[in-house]
Amino acid sequence: MSKPVYALVDCNNFYVSCERLFRPDLRQRPVVVLSNNDGCVVSRSNEAKALGIAMGVPLFQIQDAIRNHGIEVFSSNYALYADLSDRVMNTLAAAVPAIERYSIDESFLEVSCLSGTAGQEDDLQQWAVELKAQVLQHTGIPVSIGLAPSKTLAKLANWASKRWPRTGGVVDLRDPVRQRKLLALAPVEQVWGVGRRLAQRLRLMGIEQASDLASYDQRLLKRSFNSVLQRTARELAGEACFPLEDGPERKKIIASTRSFSSRIYQQTGLAEAITLYTSRAAEKLRGQQSLCQVLHLFIRTGVYDGSQAQRHQITLELPYPTADTRDLVQQALQGLSRIYQPGIGYAKAGVILMELIEPGQYTPDMFKPQPRPGSDQVMTVMDQINHYQGRGSLRLGRLPANPAWRMRQAFKSPAYTTQWKDLPRVR
DNA sequence: TCTGGGGTCCTAGGACCC
DNA sequence: TCTGGGGTCCTAGGACCC
């Protein structure tokens with residue numbers, strides 16, 4: 001069995017690249033995409049990065065820069081991004097036997113089986129260059145590729161391919177000598193699994209660069225932190241500890257939480273929002289064929305509202321495992337009436353479905369409340385109608401078509417690829 | 001005025017049991 | 001005066017990821 005080789009394929013500035021696909025006039029220009037509610041910057045073009053626009057910065061803090069530099073701003077358009085993501089991933093999946101879709105814009109590929117087919121050492125590197133060109137040709141989305149004997153090193157190789165444009169977007173890190181060079185250049189917080197807090201603690205121990213972490217005493221790492229960081233260090237040293245995950249697994253919890261476009265004071269407004277979020281979560285639940293046993297509900301004030309920040313929450317056991325929107329909404333609204341307090345301006349609410357099981361794992365109990373007859377059929381029809389007619393076409397009566405608290409999306413592009421009415425026109 | 005959302009994993013600490 | 005030890009389960013909270 002030969003050593004594994006992982007390729008990490010990552011879409012460059014993915015959301016911005018999606019927006020540019022149908023707006024060629026935006027190439028070479030500073031572009032940013034915002035989070036839900038037009039809150040923060042979550043994707044930036046290279047030109048926007050060069051202007052000093054930071055990841056995660058709130059929109060209102062960069063209004064001057066937007067005006068002065070003519071930065072193009074977009075609300076997030078998840079229908080578009082999800083569709084283009086599927087196209088990229090399909091191209092990748094067709095090229096290799098094993099792929100792990102890690103996020104909307106990244107996949108790990110296991111490519112050791114492709115190496116040495118022509119008996120040359122640089123086969124794989126050339127293969128990656130061609131794959132990158134193929135994705136661009138099929139989808140119009142630019143990607144970067146890192147090759148390495150572990151996932152953590154592949155992530156670092158990918159980082160290097162973006163950090164140094166001269167690499168052409170492909171970095172091959174199979175050679176141990178090159179590994180050592182890059183590890184010495186990479187700050188420890190660039191390592192996959194090392195965030196801000198961990199980096200702080202590591203620096204106190206004199207671990208500044210990725211190379212310091214790779215060569216640190218592993219037992220000490222396990223004792224001072226945990227076994228995950230220990231494995232990360234081994235991965236940096238070239239040993240594969242995190243295998244390719246075959247999935248997608250069933251989710252263990254399903255959440256739908258959202259900030260409101262403006263504060264909600266009345267229980268009726270909160271009830272509308274809770275109904276929507278619960279309906280969304282229930283759709284996801286049925287999408288993975290699970291039943292839910294426990295529902296957690298929270299409402300909270302803004303985290304930036306000062307000292308009187310409040311969070312009210314409740315965890316509810318359902319009378320029987322269910323995926324019926326009506327059951328879940330009924331429970332959630334009962335929960336709401338128990339935690340709602342008048343006179344408070346709520347900024348955000350959320351529903352989290354927990355203790356998910358498969359239908360076969362559940363034995364009905366004739367002495368307990370019984371599920372609604374025909375629930376499966378009703379929900380199936382509802383999901384089908386919403387699939388073909390657009391989300392929210394068929395919904396519970398409590399939900400207005402256009403509620404006052406609805407998410408702010410002032411800069412949204414058309415759903416070019418998923419709505420007939422938004423199909424681009426060629427003149 | 002305006003600061004995202006959805007996940008997973010790990011640990012610490014308490015309750016409880018034998 | 002001297003007051004065990006180990007295992008399991010649960011929960012809350014923290015850290016990380018994109």
Side-chain angles (χ1 to χ4, degrees), chain A residues 8-15 32-44 54-64 66 73-76 78 81-82 85 100-108 151-152 155 158-159 188-202 221-232 242 245 247-263 276-277 280-281 283-285 287-288 294 296 298 300-306 309 311 313 315 345 347-356 407-411:
Chain A
L8 178 68
V9 183
D10 186 311
C11 301
N12 300 346
N13 316 330
F14 182 52
Y15 296 172
V32 299
V33 177
L34 304 175
S35 65
N36 280 337
N37 252 321
D38 294 342
C40 306
V41 171
V42 293
S43 181
R44 307 158 292 158
M55 183 68 176
V57 71
L59 173 64
F60 73 90
Q61 286 179 8
I62 57 167
Q63 292 294 1
D64 287 348
I66 290 172
V73 178
F74 289 90
S75 304
S76 36
Y78 284 105
Y81 311 151
S85 171
E100 174 192 342
R101 193 167 170 165
Y102 177 66
S103 76
I104 194 167
D105 71 335
E106 278 177 71
S107 273
F108 287 103
K151 288 167 111 180
T152 305
K155 287 281 278 190
N158 195 285
W159 169 78
V188 73
E189 62 266 24
Q190 293 304 332
V191 174
W192 189 38
V194 178
R196 224 183 54 245
R197 306 300 293 273
L198 214 45
Q200 250 175 18
R201 288 177 59 195
L202 288 169
L221 282 179
K222 186 175 181 179
R223 190 140 36 95
S224 309
F225 298 91
N226 57 48
S227 59
V228 177
L229 190 67
Q230 184 198 24
R231 267 177 289 172
T232 294
F242 304 129
E245 309 275 349
E249 304 280 305
R250 275 196 167 86
K251 305 246 180 283
K252 294 167 183 160
I253 61 168
I254 289 175
S256 181
T257 74
R258 205 129 303 175
S259 303
F260 313 129
S261 53
S262 54
R263 301 285 182 264
L276 176 65
Y277 302 167
R280 287 280 165 78
E283 281 166 19
K284 293 187 212 168
L285 185 67
Q288 67 166 29
V294 170
H296 181 84
F298 73 84
R300 70 159 168 77
T301 58
V303 279
Y304 304 96
D305 285 2
R311 180 182 166 117
Q313 54 189 345
T315 303
K348 180 173 180 175
V351 172
I352 303 169
L353 307 181
M354 305 186 300
E355 314 253 323
L356 312 185
M407 179 159 69
R408 198 178 306 120
Q409 284 190 311
F411 318 100

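Throughout, a chain's letter reflects where its sequence line sits, starting with A, and its residues are numbered from 1.
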*Please name all residues satisfying side chain to side chain contact (heavy atoms under 4.5 Å, CB included) with S103(A), sequence neighbours left out, ordered by chain then number.*
D105(A), E106(A)
*Excluding sequence neighbours, so at least two apart, what forms side chain to side chain contact (heavy atoms under 4.5 Å, CB included) with A349(A)?*
F260(A), I274(A), Y277(A), I299(A)
Are side-chain heavy atoms of [X] and [Y] found at a separation under 4.5 Å?
X	Y	result
H296(A)	I253(A)	no
V32(A)	L59(A)	no
R258(A)	N36(A)	yes

*asked:* Wobble G-U and Watson-Crick pairs count when both distances are under 3.5 Å; given that, what is the 5' to 3' dot-bracket string of DNA chain C, with | for pairing to other strands?
replied: ....||||||||||||||
_I'd like the C1' distance from dG4(B) over to dC17(C), given in whole Å._
15 Å
_Using only atom types and a distance under 3.5 Å, with no angle test, would you say the side chain of R300(A) pairs donor to acceptor with the backbone of K348(A)?_
no
*asked:* I'd like to know if the side chain of S76(A) and the backbone of L34(A) have a donor-acceptor N/O pair within less than 3.5 Å.
replied: yes
*Are K151(A) and F108(A) in a cation-pi contact, defined as NZ or CZ under 6.0 Å from the six-membered ring centre and within 45° of the axis?*
yes
*asked:* Can you list everything that forms a side chain to side chain donor-acceptor pair (under 3.5 Å) with S75(A)? Sequence neighbours excluded, please.
replied: D38(A)
*Nucleotide by nucleotide, 5' to 3', does protein get under 4.0 Å of the base (B), only the sugar-phosphate (S), or neither (-) in nucleotides 2-13 of chain B, counting heavy atoms?*
BBSSSSBSSS--
*Check the side chains of R231(A) and T152(A) for a donor-acceptor pair under 3.5 angstrom, ignoring hydrogens and angles.*
no
Under-3.5 Å N/O pairs linking protein and nucleotides 15-18 of chain C:
from    : atom 1 : to      : atom 2 : distance (Å)
dA15(C) : OP2    : R197(A) : NH1    : 3.1
dC16(C) : OP1    : G195(A) : N      : 3.2
dC16(C) : OP1    : G195(A) : O      : 3.4
dC16(C) : OP1    : R197(A) : N      : 3.4
dC16(C) : OP1    : L198(A) : N      : 2.5
dC16(C) : OP2    : R197(A) : N      : 3.3
dC17(C) : OP1    : G193(A) : N      : 3.0
dC17(C) : OP1    : V194(A) : N      : 3.3
dC17(C) : OP1    : V194(A) : O      : 3.3
dC18(C) : OP1    : K155(A) : NZ     : 2.8
dC18(C) : O3'    : S103(A) : OG     : 2.8
dC18(C) : O3'    : D105(A) : OD1    : 2.9
dC18(C) : O3'    : E106(A) : OE2    : 3.3

